[in-house]
Enquirer: 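Starting off with a structure, shown below.
A quick note: this is a predicted structure, and the numbers were derived from the prediction, not measured. Letters A, B, ... mirror the listed sequences (proteins, then strands); counts begin at 1.
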Protein chains: 2
Amino acid sequence: MSDSIAEMVEETVGGDASTSLYQRILNDIRDRIVSGEWEPGYRIPFEHELTEQYGCSRMTVNKALSQLAKAGLIERRRRSGSFVRRPQSQAAVLEIHDIRVEVEALGLPYRYELMAQTKRRATTVDRDRLGPSPSTAGQVLALQCLHYAGVRPFCVEDRLISLAAVPEAADQEFRKSAPGPWLIGQVPWSAAEHVIRAASADGETAADLGLASGAPCLIIERRTWSAERPVTHVRFTYPANAHAVVARFTPSDG
Amino acid sequence: MSDSIAEMVEETVGGDASTSLYQRILNDIRDRIVSGEWEPGYRIPFEHELTEQYGCSRMTVNKALSQLAKAGLIERRRRSGSFVRRPQSQAAVLEIHDIRVEVEALGLPYRYELMAQTKRRATTVDRDRLGPSPSTAGQVLALQCLHYAGVRPFCVEDRLISLAAVPEAADQEFRKSAPGPWLIGQVPWSAAEHVIRAASADGETAADLGLASGAPCLIIERRTWSAERPVTHVRFTYPANAHAVVARFTPSDG
DNA sequence: ACTGCGATTATGTATATACATATCAGAAAG
DNA sequence: CTTTCTGATATGTATATACATAATCGCAGT
């Protein structure tokens, strides 16, 4: 089997220059792990063995193994070797799209409507919504918006923006375009937290969405920080049948 | 400004040996990006400039920059340099925990109950649930389980296992322990897809969970593949107020 | 047996060097 | 004035080497 690796390298080393050697080593090992050929706990060949098998230097092997370790597929132990880890934290990557993009992906015309915009001194509730902060927040901007897909309401947006973090927002009127895309261009955010849950629509939200009171809704909340300072908190409320969140996982593509 | 980097390095180069040099370079640059000091489009110093500033070799700088590029924070262009990318795909990492762990994290005793276990030839519906497959599925195992937190039902699990992918499951009786943890130890999975949505509880589910019919629920569905073959599909149904999904994002921790 | 210590081993990081490759600016040719 | 070619440049990958560090094994001495 070690021979087959060596042969494969011999074959392709002059032919396929599209992928680098360390990438091929990485892929080979990853494939053996995800295929189950090398089960959790299996000790993968030492660096110096792979060095021989692939006919390359240790640095090249090391680059591949280091990346596998960072991706969580293997665990490296000095003096002992590298071992296949058991898939533990079922982590998945969740992509958050702009609502306009979401709606247009459904083939429906997108429309945005501002329902209310208020500037006020941050209340206790507001501070809670924005999340833990080193400084006490000052002024905030509160927004209620409605996003339409075609003629039907698609979701309600309830947003709070910290004017301490984004003073430019004070002079903005979000009548024509939604605050989300504008904020992304304005503030470099360094951390975000999402909470996804289900709830019954309260009276007001139900009315906005054209639902019966108590109808099930999907709620996505997002808090964003920029360099430790809270920037914004949004709550999107979708009718239950209108929306779902999709997350995917594939181990270390490189 | 370049001077301050150089000074900082001079200070710490002999003192703090806890982090490696390339890690410090990586952190320095990442901090400047997420703080907004270096805005999207900004051309970060060339490798040879950083080499000078940090008094190290190009390989060390290259390692740091390559990782930042892989993490999507910068874009590297030959002959032109490396540029700060604008945060585009708002990706967040979602950790899926075992239900036992979830319940015990709430400080409640966990209990598991098997409600039904059926072996049958895969129907069209079953094949749809398992997802796209190269081969036509044969036998499947269908399970309905209930997870308790204390005396109250916590969530309903509705699972389908492909016996073509996991033949050992045919001989298992999931009376005492849930199929999820067992499967993880059994099959190395290579890809997973999650769908999170809200819905009204149907009559049966509502009864199992002790809810009024039509009560809002959070539904998490997961499909798992092992080397292109569908392994299992699960649907967890939670009462709306019992559960939420949390996802976090922090740019490239290393 | 038990303890402590040195030798061994595999990984972790860094260096200087080399050549490949994509790309752009500007010179040369039409 | 446009096209083509050439050289400069920054990144991409790979190598041989070196020393640091953590963990383990086995031996020596109590």
Enquirer: What's the CG-C1' distance between A:Leu50 and D:dA14, to the nearest Å?
Expert: 16 Å
Enquirer: Between A:Ser133 and A:Arg127, is a side-chain hydrogen bond (donor to acceptor under 3.5 Å, both in side chains) present by the stated rule, with each step listed?
Expert: CA-CA 8 Å; A:Ser133 163; A:Arg127 270 195 285 267; over 6 Å; no
Enquirer: Name every residue in residues 58-65 of chain B that has at least one heavy atom under 4.0 Å from any atom of DNA chain C, in order of residue number, or write none if there are no such residues.
Expert: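 Within residues 58-65 of chain B, the residues near DNA chain C are B:Arg58, B:Met59, B:Thr60.
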Enquirer: Taking the six-membered ring of A:Phe46 as reference, does the cationic atom of A:Arg43 (NZ for Lys, CZ for Arg) lie under 6.0 Å from its centre and within 45° of its axis?
Expert: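 Geometry flag: set, cation within 6.0 Å and 45°.
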Enquirer: Is any side-chain nitrogen or oxygen of B:Ser20 closer than 4.0 Å to OP1 or OP2 of C:dG12?
Expert: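 No, outside the criterion.
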Enquirer: Is the distance from OP1 or OP2 of C:dG12 to the nearest side-chain N or O of A:Arg76 less than 4.0 Å?
Expert: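 Affirmative; the distance criterion is met.
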Enquirer: Please report the distance, rounded to the nearest Å, between CD in A:Glu47 and P in D:dA16.
Expert: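 Checked: the CD to P distance equals 15 Å.
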Enquirer: How close or far is atom C1' of D:dT13 from atom CD of A:Gln23, stated in whole angstroms?
Expert: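 Those two atoms, CD and C1', are 12 Å apart.
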Enquirer: Nearest-Å distance, CZ (B:Arg78) to P (C:dA25)?
Expert: 17 Å
Enquirer: Considering only NZ, NE, NH1 and NH2 on the basic side and carboxylate oxygens on the acidic side, decide whether A:Glu47 and A:Arg58 come within less than 4.0 Å.
Expert: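 Yes.
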Enquirer: Count the heavy atoms of every other residue, nucleotide or ligand shown that sit under 6.0 Å from CD of B:Glu228, and state whether that count exceeds 12.
Expert: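 Not buried by this count: 12 neighbours or fewer within 6.0 Å.
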Enquirer: Give the rounded distance in Å between these two atoms: CD of B:Glu52 and C1' of C:dT15.
Expert: 17 Å
Enquirer: Taking distance alone, no hydrogens or angles, what donor-acceptor pairs closer than 3.5 Å link side-chain atoms of residues 104-111 of chain A to residues at least two apart or in another chain?
Expert:
from, atom 1, to, atom 2, distance (Å)
A:Glu104, OE2, A:Arg100, NE, 3.3
A:Tyr110, OH, A:His147, ND1, 2.7

Enquirer: Provide, to the nearest angstrom, the distance between the CZ atom belonging to A:Arg43 and the P atom belonging to C:dA10.
Expert: 8 Å
Enquirer: Quickly work out the A:His48 NE2 to D:dT17 P distance and round it to whole Å.
Expert: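 After rounding, the reported distance stands at 17 Å.
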Enquirer: Kindly say if A:Ser80 contacts the phosphate of C:dT11, meaning a side-chain N or O under 4.0 Å from OP1 or OP2.
Expert: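 Checking A:Ser80 against C:dT11: no side-chain N or O falls below 4.0 Å of OP1 or OP2.
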Enquirer: So, under a plain 3.5 Å distance rule, would you say the side chain of A:Arg79 forms a donor-acceptor pair with the base of C:dT8?
Expert: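 It does, because a donor-acceptor pair links the side chain of A:Arg79 to the base of C:dT8 below 3.5 Å.
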Enquirer: Output all residues satisfying salt bridge (Lys or Arg N to Asp or Glu O under 4.0 Å) with B:Glu52, sequence neighbours left out; order by chain, then residue number.
Expert: none
Enquirer: To the nearest 0.5 Å, tell me how far A:Arg197 CZ sits from A:Arg235 CZ.
Expert: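 A:Arg197 atom CZ to A:Arg235 atom CZ measures 6.5 Å (nearest 0.5 Å).
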Enquirer: Among C:dA14, D:dT15, C:dA10, which is the nearest nucleotide to the side chain of A:Phe46?
Expert: C:dA10
Enquirer: Between atom NZ in A:Lys70 and atom P in C:dT13, what is the gap in whole Å?
Expert: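 In whole Å, C:dT13 P lies 12 Å from A:Lys70 NZ.
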